[in-house]
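The first residue in the sequence is number 1, and the count goes up from there. A quick note: this is a predicted structure, and the numbers were derived from the prediction, not measured.
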Amino acid sequence: MQSGSKVRSRGWLCLALLALPLVLGACGGGGAATAPNPTPAPPPAPPPPTITLLSASAIEPEQFTVAGSKVFFLARDASDHPDELWVSDGTPEGTSRLRDLNPAGKSDVSGITPFAEGVLFFVSSGDLNNPGAGLWYSDGTTAGTRLVNRPVPWGHRTPIAIGVYGGRFYFAEADFSYAQVIWSSDGSTQGTNQLLSVANLSVQKPYEADTWLTEYRNKVHFYGTPPIDIYDFSSRPIRQIYSTEGREFDLKSLTNATQPATTGTSKAITVFKDRLFFSWNSPDTGAELWTSDGTAAGTRLLVETLPGIEGGTPSNFQVANDYLLFFAYGPEKQVDFRKALWRTDGTAAGTELLGKVEILNNTNMVAMNGRFYFAGARHGTWNTTLWSTDGTAAGTYEVSDAVDPANSLQAKNMVVLGKRILFQGRRGQASLPWTSDGTRAGTVMLKEVFLRARQEIDPPGWVAVRGDKAYFVGAPIPDNYQLFETDGTGAGTRAIAPADASVTANPMGKATSPLSVFPNPVPVPAGGFLIFRGNFHGAGGRLYRM
């Protein structure tokens, strides 16, 4: 009985001990305590994307332009024939030179403009001794590359590409008086129409980041300046707003100023709430915000943000929900000469100033998660920082003052990658990649990699986004430009190269003189690939795909 009692007592003790997490195995002679679970190892970094040589025949490729699933670019071949037009669908067999436009010399290709899926227009320059001089159309094949329009014999000027709107390509061409006559084309010779015959039109692209030409109610609307007497040095051009359907001799003016304005104007035009809104320089008000229903009778001044003849010069239009955002000078222009953020609901009474944020130069907004981000400055300060707005005064604020976003003339200076934005920030005269999730704590430098300042305004932008990754060219040390991949975090930002690369120093840079080295453009998408120029194998710039 005593022995059984001891056994039962020990059994209850075992059950009690088993209930304690720190002691195991008390029954049956005891045991050691369990070690804590080890910290799991971080997952291995994903393998870098495969980079392969796409074509060794296209030497020093540049000026990449995407049209559908094809990319067009300029390159020379082994015969050292200079800068002809090439095409690639992202495969070796689909990469070739289109044709030799000028066998006797340079073709001087420019104005490469996408028109449709795999189709584009381009211009071959030079005098009339160049048999290929003029406007060309190409579907990416040699047989489908043809001359559409030759320069006028008395002009000796080659066409200037404007853009594609309403399914037609618009371009300008000089006549004997050196005015720019506007034409439109569907790609055929018979479908190429002159829009104005006698009263020729001079068109000038803006240098700021505004849209100067837009579609509205099946018509194209743009800024133009009628020609002046080239022998009358006292005459001054008067910029007007024109509309056209692209038919021959079809060009109408929405505005009708008979006297030149005293101040300059931005070229900003957009569509909002089924009306046209634009900046126009009236002799009476200066450059202010105007609106139109597409007719001359329905064109009127909306509001003066800076009363008087100087004008508010509105620019940087951005539709945000039920409002149109824009930057313009207000009554305080005389103090700091900077534009402030405004909004309008399309009426004069519904146009108001949003807070005390200003811009030092023209800037662009990028949309993310229902908000807009841009480079701005507090009123009375000169430090440009990252700002955000939802289109309301209460919802307009400074995100972070940790960085000076590089003021860019291109919208691609600031891009969205998932739930973060990537942008260039300045340190002195240098530009570095930064990222932000829209919060102060989440706005940080991506990596200590220096970007060329000139990339701020050169197309196709400083970064290319594909899926959940982005790619850019930067230098960890001066004159050593590498191709970088990033997921939007510092840990996920790394230099990448082909597995068999023999060149590790400056593979994404090229020397333009003995004293300067510049990076190549970022990759461009075509045919499911990213295509770019690099020198990973020591043969000079060649065409690669990723």
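Considering V524, V71, L483 in turn, L483 is the only one that fulfils the side chain to side chain contact (heavy atoms under 4.5 Å, CB included) rule with F532. When D437, N369, L386 are each tested for a side chain to side chain contact (heavy atoms under 4.5 Å, CB included) with I421, only one passes: L386. When each of F423, F484, W434 is checked for a ring pair (Phe, Tyr, Trp, His ring centres under 6.0 Å) with F472, only F484 meets the rule.
Considering CG of L422 and OG1 of T493, their distance stands at 8.5 Å, rounded to 0.5 Å. Going from atom OH of Y216 over to atom CZ of F278 covers 10.5 Å, rounded to the nearest 0.5 Å. We find the OG1-CD1 distance between T384 and I359 to be 9.5 Å, quoted to the nearest 0.5 Å. A distance of 11.0 Å separates CZ of F326 from CG of N316, quoted to the nearest 0.5 Å. Interatomic distance, NZ of K469 versus CG of D487, reported as 5.5 Å (0.5 Å rounding). Atom NZ in K419 sits 14.5 Å away from atom OG in S436 (nearest 0.5 Å).
Between T439 and V399, every side-chain heavy-atom pair lies at or beyond the 4.5 Å cut-off. At a threshold of 4.5 Å between non-hydrogen side-chain atoms, the residues T244 and F222 count as touching. Here the side chains of L85 and F72 are in contact, with some heavy-atom distance below 4.5 Å. Side-chain contact check for Q424 versus W462: some heavy-atom pair is nearer than 4.5 Å. N506 is listed as a side-chain neighbour of Y481, based on a closest heavy-atom distance under 4.5 Å. In this structure, W387 and R378 have side chains that are in contact, with non-hydrogen atoms separated by less than 4.5 Å. With a 4.5 Å cut-off on side-chain heavy atoms, T270 and T214 do not count as touching. No side-chain heavy atom of H537 sits under 4.5 Å from any side-chain heavy atom of V503.
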Item checked: Residue pair L276, H221: steps toward the side-chain contact (heavy atoms from CB on, under 4.5 Å) verdict -> CA-CA 9 Å; L276 203 64; H221 297 76; 3.6 Å; yes

Next item on the list: Determine, stepwise, if the pair F374 / F327 fulfils ring pair (Phe, Tyr, Trp, His ring centres under 6.0 Å).
Entry: CA-CA 12 Å; F374 60 96; F327 286 93; 5.6 Å; yes

Checklist line | Full working for side-chain contact (heavy atoms from CB on, under 4.5 Å) between T435 and T489 | finding: CA-CA 8 Å; T435 181; T489 67; over 6 Å; no

Next item on the list: Check step by step if side-chain contact (heavy atoms from CB on, under 4.5 Å) holds for K70 and E117.
Entry: CA-CA 8 Å; K70 299 177 182 178; E117 173 68 32; over 6 Å; no

Check: Would W136 and L101 count as a side-chain contact (heavy atoms from CB on, under 4.5 Å) if you check the C-alpha gap in whole Å, the side-chain angles of each, and the deciding distance to 0.1 Å?
Finding: CA-CA 10 Å; W136 288 76; L101 306 178; 3.7 Å; yes

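Across all non-hydrogen atoms, the minimal contact from P114 to I112 is CD-O, 4.1 Å. P523 and A464 get closest at one heavy-atom pair: O-CB, 3.3 Å. Here the shortest heavy-atom pairing between V449 and P476 reads CG1-N, 4.4 Å. Shown here for I496 and M546, the closest heavy-atom pair between the two residues is CD1-SD, 3.6 Å. Nearest heavy-atom pair, Y137 versus G187, reported as atom, atom and distance to 0.1 Å: CD1-CA, 3.6 Å. Between V463 and A470, the shortest heavy-atom distance links the atoms CG2-CB, 3.8 Å.
Contact check on D401 versus R440 returns a salt bridge, with a Lys/Arg side-chain nitrogen under 4.0 Å from an Asp/Glu carboxylate oxygen. Ion pairing between a basic and an acidic side chain is recognised when a charged N comes within 4.0 Å of a carboxylate O; D77 and R97 show such pairing. Salt bridge annotation for K510-E62: present, with a cationic side-chain nitrogen under 4.0 angstrom from a carboxylate oxygen. Salt-bridge annotation for R371 and D390: present, with a side-chain N of the basic residue lying under 4.0 Å from a carboxylate O of the acidic one.
Aromatic pair F169/F115: centroids not less than 6.0 angstrom apart. Aromatic pair Y170/F121: ring centres not closer than 6.0 Å. Residues F536 and Y544 place their aromatic rings such that the two centres sit under 6.0 Å apart.
E398 places no side-chain N or O within donor-acceptor distance of the main-chain N or O of A377, the cut-off being under 3.5 Å. One N or O on the side chain of R420 and one on the backbone of G442 form a donor-acceptor pair closer than 3.5 Å. Distance alone, capped at 3.5 Å, places no donor-acceptor pair between the D139 side chain and the V119 backbone. With W86 contributing its side chain and A75 its backbone, the two residues share a donor-acceptor pair below 3.5 Å. Looking at Q482, its side chain never comes within 3.5 Å of a backbone N or O of G474 through a donor-acceptor pair. Between the side chain of T145 and the main chain of L98, no donor-acceptor pair closer than 3.5 Å is present. The closest donor-acceptor contact from the side chain of R146 to the backbone of A143 lies at 3.5 Å or more, if one exists at all. Side chain of T95 to backbone of S88: no donor-acceptor contact under 3.5 angstrom is found. A donor-acceptor contact shorter than 3.5 Å is absent between the side chain of R343 and the backbone of L325. Side chain of K447 to main chain of T486: no donor-acceptor pair is present (N/O by atom type, distance under 3.5 Å, no hydrogens or angles).
The closest side-chain donor-acceptor pair between T192 and S185 falls under 3.5 angstrom. Side-chain contact check for S315 and K339: at least one donor-acceptor pair (N or O, by modelled atom type) lies under 3.5 Å.
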Donor-acceptor contacts, no H, no angles, side chain residues 52-61, under 3.5 Å, sequence neighbours left out:
| unit_1 | atom_1 | unit_2 | atom_2 | d |
| --- | --- | --- | --- | --- |
| T52 | OG1 | R545 | NE | 3.4 |
| S55 | OG | S57 | N | 3.2 |
| S55 | OG | A58 | N | 3.4 |
| E60 | OE1 | R533 | NE | 3.0 |
| E60 | OE1 | R533 | NH2 | 2.0 |
| E60 | OE2 | R533 | NH2 | 3.4 |
| E60 | OE2 | G541 | N | 3.1 |

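Around CG of D500, the count of heavy atoms belonging to other residues, nucleotides or ligands within 6.0 Å exceeds 12.
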